[in-house]
Undergrad: 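Can you read through this structure? Questions will come right after.
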Amino acid sequence: MRILLYSYNYYPEPIGIAPLMTELAEGLVKRGHEVRVVTAMPWYPRSEIYEQYRGKIYLTEKINGVIVQRCYVRSSKKRTFFNRALFELSFMVLSFFQALFAQYNRRPDILILTVPGLPVGIPASILGWIYKCPTILNLQDILPDAAVHVGLLTSKTAIKVFTQLEKYNYRTATNISVISQGFTDNLLGKGVSEEKITLIPNWVDVDFIKPLSKEDNYFRRENELEGKFIVLYSGNIALTQGLETVIDAAEYLQDIANIAVVIVGEERALEKLQEYCLEKQVSNVTLRPFQPRERLPEMLSSADVGLVIQKKNVISFNMPSKIQVLLASGRAIIGSVPNTGTAANAIRNSGGGIVIPPEDPQALADTIRDLYNHPEQVKLLGEASRQHAIANYAFSTALDRYEALFEKLLVQNKKN
């Protein structure tokens, strides 16, 4: 089967949608499908094109059997509506012509469009019409709801434009794949037909991400953390997280020298957290940049406890992909997240974590202290995490579901 995956995030971007789309593309290739990815030059999370990809309008690579077609995007570190509009417009226009006219553009059987973002739904729908193939809208976030909810999108004109784009994408897609029941409920509330929605939770490669020994662990060794009780946050550092809560919690734990709080993220974002650490005069927080992908399992296994952090105002259906990763690594999880949200439900249902109120450093510190004093509970939570990941988020299961959806849509397409 020939599959065209349309996503402006892809390898080598280290976090967010990119690792998921990379695994999906490569996993489908391993199952015998021909996969072409139309994507942007790598730009996330730095908001600037990576050095080795600069100065190019188009570039085609073949990575692990996947044909990757990249185009220039106009990215900027300044978060303004104008800059975002230029980003979306540059990708929307340049990617369309590359997808249509570039080398390797054999007619796909299936087109998968990943959201974010919304404007690219226009060229994707045109491609679907030209190629006469089913299109799957893969929702990794619901926009503009999420952006409006946390204050990233405030312009009434912009909200109106993106709302219309959202409706257009739902109307033109053959099928909409969602990652949680919360997404389904949101779409049903907007009048989307239930028959058009397919629930396929995000996955984790449980053969790659797995519990490893803490003995002779490179991350512990290189960061002088051997023998420590490590509480780890690894991932995006942005408006929806509020990592200052973690540093505030660390301040309450300075009386226990054996507890180390570790935050791994993008280097520029870490600089601001370093300033906050100095302001709070905390000495038990270690800040480190993202680690190479191949070392991720070992880094995760260095921790005793993994953190999932959200602010109070995060919209309820938000489902961080780091939850599946922490579960697969066999970590006990503390979720400082809204109590009724999708993230809280996922952590509770796993049996591998504890949910506490968001933006409450005292509650976070007390929970860390309690787990430190009860190592057997940490062990039991970690074992439950691993078993839940295998049973519910295995990559092979997600691939089975996608292939079943492809077959269903192809049969429907032939009838039409």
Side-chain angles (χ1 to χ4, degrees), residues 3-30 35-54 56 59-73 75 77 84 87-88 90-91 95 98-99 112-118 120 124 136-141 143 146 177 179 200-205 208-209 234-238 240-241 264-269 289-297 299-300 318-326 328 393 395 398-399 402:
I3 299 162
L4 173 58
L5 176 59
Y6 217 132
S7 169
Y8 62 47
N9 295 106
Y10 198 76
Y11 173 88
E13 294 173 0
I15 59 169
I17 295 171
L20 286 167
M21 293 304 104
T22 304
E23 288 175 352
L24 178 59
E26 294 180 359
L28 290 169
V29 165
K30 288 178 181 176
V35 181
R36 177 164 61 106
V37 174
V38 174
T39 187
M41 299 293 178
W43 62 278
Y44 187 78
R46 306 174 191 172
S47 292
E48 62 180 3
I49 294 176
Y50 293 13
E51 187 174 354
Q52 63 269 38
Y53 289 92
R54 292 175 191 167
K56 301 177 177 70
L59 175 69
T60 297
E61 304 174 284
K62 193 162 187 179
I63 306 173
N64 295 328
V66 180
I67 298 164
V68 183
Q69 297 178 302
R70 302 185 188 274
C71 70
Y72 168 82
V73 283
S75 58
K77 297 174 189 175
R84 187 66 190 191
F87 172 89
E88 297 283 2
S90 62
F91 183 64
S95 65
Q98 185 175 39
I112 306 173
L113 169 66
T114 300
V115 172
L118 290 173
V120 75
I136 299 170
L137 187 65
N138 174 243
L139 286 190
Q140 294 293 325
D141 206 345
L143 301 175
S177 67
I179 62 174
I200 306 178
N202 279 342
W203 56 87
V204 60
D205 186 343
F208 174 59
I209 304 293
S234 176
N236 197 20
I237 300 172
T240 56
Q241 280 77 39
V264 177
E266 200 272 321
E267 292 186 60
R268 288 193 180 89
F290 287 122
Q291 303 297 293
R293 175 73 178 167
E294 63 272 13
R295 309 209 79 170
L296 181 59
M299 183 201 75
L300 293 168
N318 183 276
M319 176 65 177
S321 58
K322 68 170 57 64
I323 292 176
Q324 289 96 325
V325 173
L326 289 173
Y393 298 120
F395 185 35
L399 287 175
Y402 273 108

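Fair warning: this is a prediction, and the values are worked out from it, not measured in the lab.
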Undergrad: Between Pro42 and Arg70, is there a side-chain heavy-atom distance shorter than 4.5 Å?
TA: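 Yes. Closest side-chain heavy atoms under 4.5 Å.
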
Undergrad: Is there a side-chain contact between Leu399 and Leu24, using heavy atoms and a 4.5 Å cut-off?
TA: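 In short, these two side chains touch, coming nearer than 4.5 Å.
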
Undergrad: Where the side chain of Arg54 meets the backbone of Glu48, is there a donor-acceptor pair that is under 3.5 Å apart?
TA: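 No.
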
Undergrad: Would you give the length of the straight line joining atom CD of Glu294 to atom CZ of Phe208, rounded to the nearest 0.5 angstrom?
TA: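 That separation rounds to 7.5 Å.
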
Undergrad: With a 4.5 Å heavy-atom cut-off, do Tyr402 and Trp203 have their side chains touching?
TA: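 A side-chain contact under 4.5 Å exists here.
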
Undergrad: Applying the side-chain contact (heavy atoms from CB on, under 4.5 Å) test to Asn9, which of Ile17, Thr39, Thr114 qualifies?
TA: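 Testing each of Ile17, Thr39, Thr114 against Asn9, the sole residue satisfying side-chain contact (heavy atoms from CB on, under 4.5 Å) is Ile17.
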
Undergrad: If we ignore hydrogens and angles and just use 3.5 Å, is the side chain of Glu13 paired with the main-chain N or O of Tyr44 as donor and acceptor?
TA: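 Side chain of Glu13 to backbone of Tyr44, a donor-acceptor pair under 3.5 Å: yes, one is there.
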
Undergrad: Just checking, is any N or O donor in the side chain of Glu61 or Tyr11 under 3.5 Å from an acceptor N or O on the other one?
TA: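 Judged by distance alone, the side chains do not pair up.
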
Undergrad: How close do Ser90 and Val73 get, heavy atom to heavy atom, and via which atoms?
TA: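 The pair with the smallest heavy-atom distance is OG-CA, 3.4 Å.
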
Undergrad: Taking all non-hydrogen atoms of both residues into account, name the closest pair between Met319 and Tyr393 and its distance.
TA: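 Scanning both residues, the minimum pair turns out to be CE-OH, 4.0 Å.
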
Undergrad: Locate the shortest heavy-atom distance separating Leu113 from Ala124; write the atom from each residue and the value.
TA: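 Scanning both residues, the minimum pair turns out to be CD2-CB, 3.8 Å.
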
Undergrad: If you round to the nearest 0.5 Å, how far is OH of Tyr8 from SG of Cys71?
TA: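 That separation rounds to 12.0 Å.
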
Undergrad: Heavy atoms only: give me the nearest Val38-Ser95 pair and the separation to one decimal.
TA: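 Closest pair (atom of Val38, atom of Ser95, distance): CG1-CB, 3.8 Å.
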
Undergrad: Could you tell me which non-hydrogen atom of Ser321 sits nearest to which non-hydrogen atom of Gly16, and how far apart they are?
TA: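 Result for this residue pair: OG-O, 4.4 Å.
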
Undergrad: Are Pro297 and Ile209 close enough that some pair of their side-chain heavy atoms sits under 4.5 Å apart?
TA: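 They are in contact (side-chain heavy atoms under 4.5 Å apart), so the answer is yes.
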
Undergrad: Can you tell me if NZ on Lys30 sees more than 12 non-hydrogen neighbours from other groups inside 6.0 Å?
TA: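 Check fails, neighbour count at 12 or below.
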
Undergrad: Do Phe87 and Trp43 have side chains that get closer than 4.5 Å, going by heavy atoms?
TA: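 In contact.
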
Undergrad: In the structure I gave you, are the side-chain heavy atoms of Tyr72 and Ile49 within less than 4.5 Å of one another anywhere?
TA: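 The answer is yes; the side chains approach within 4.5 Å.
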
Undergrad: Checking the side chain of Glu267 only, and the main-chain atoms of Gly265 only, is there a donor and an acceptor separated by less than 3.5 Å?
TA: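 Side chain of Glu267 to backbone of Gly265: no pair is present.
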
Undergrad: Enter the distance from Ile179:CD1 to Asn202:CG here, rounded to the nearest 0.5 Å.
TA: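 Spacing of CD1 (Ile179) from CG (Asn202) equals 4.5 Å.
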
Undergrad: Please check if the number of heavy atoms outside Glu51 that lie under 6.0 Å from its CD is greater than 12.
TA: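 Incorrect, the count does not exceed 12.
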
Undergrad: How long is the straight-line distance from CD1 of Ile136 back to CG of Leu5, given to the nearest 0.5 Å?
TA: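 So the gap between those two atoms works out to 10.0 Å.
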
Undergrad: Mind listing the closest non-hydrogen atom pair of Val264 and Phe290 along with its distance?
TA: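 It is CG1-CA, 3.8 Å.
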
Undergrad: Let me confirm one number: the CD1-CG distance from Ile15 to Leu296, rounded to the nearest 0.5 Å.
TA: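 Ile15 CD1 to Leu296 CG: 11.5 Å, rounded to 0.5 Å.
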
Undergrad: Within the 4.5 Å heavy-atom criterion, are Leu20 and Gln140 side-chain neighbours or not?
TA: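 Leu20 vs Gln140: side chains touch.
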
Undergrad: Are Glu26 and Asn64 linked by a side-chain donor-acceptor pair shorter than 3.5 Å?
TA: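 Result is yes, a qualifying pair exists.
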
Undergrad: Any chance you could measure Gln69, atom CD, to Gln98, atom CD, to the nearest 0.5 Å?
TA: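 Output value for this atom pair is 5.0 Å.
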
Undergrad: If the threshold is 4.0 Å, N to carboxylate O, is there a salt bridge linking Arg293 and Glu23?
TA: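 Salt bridge between Arg293 and Glu23, a charged N being under 4.0 Å from a carboxylate O: yes.
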
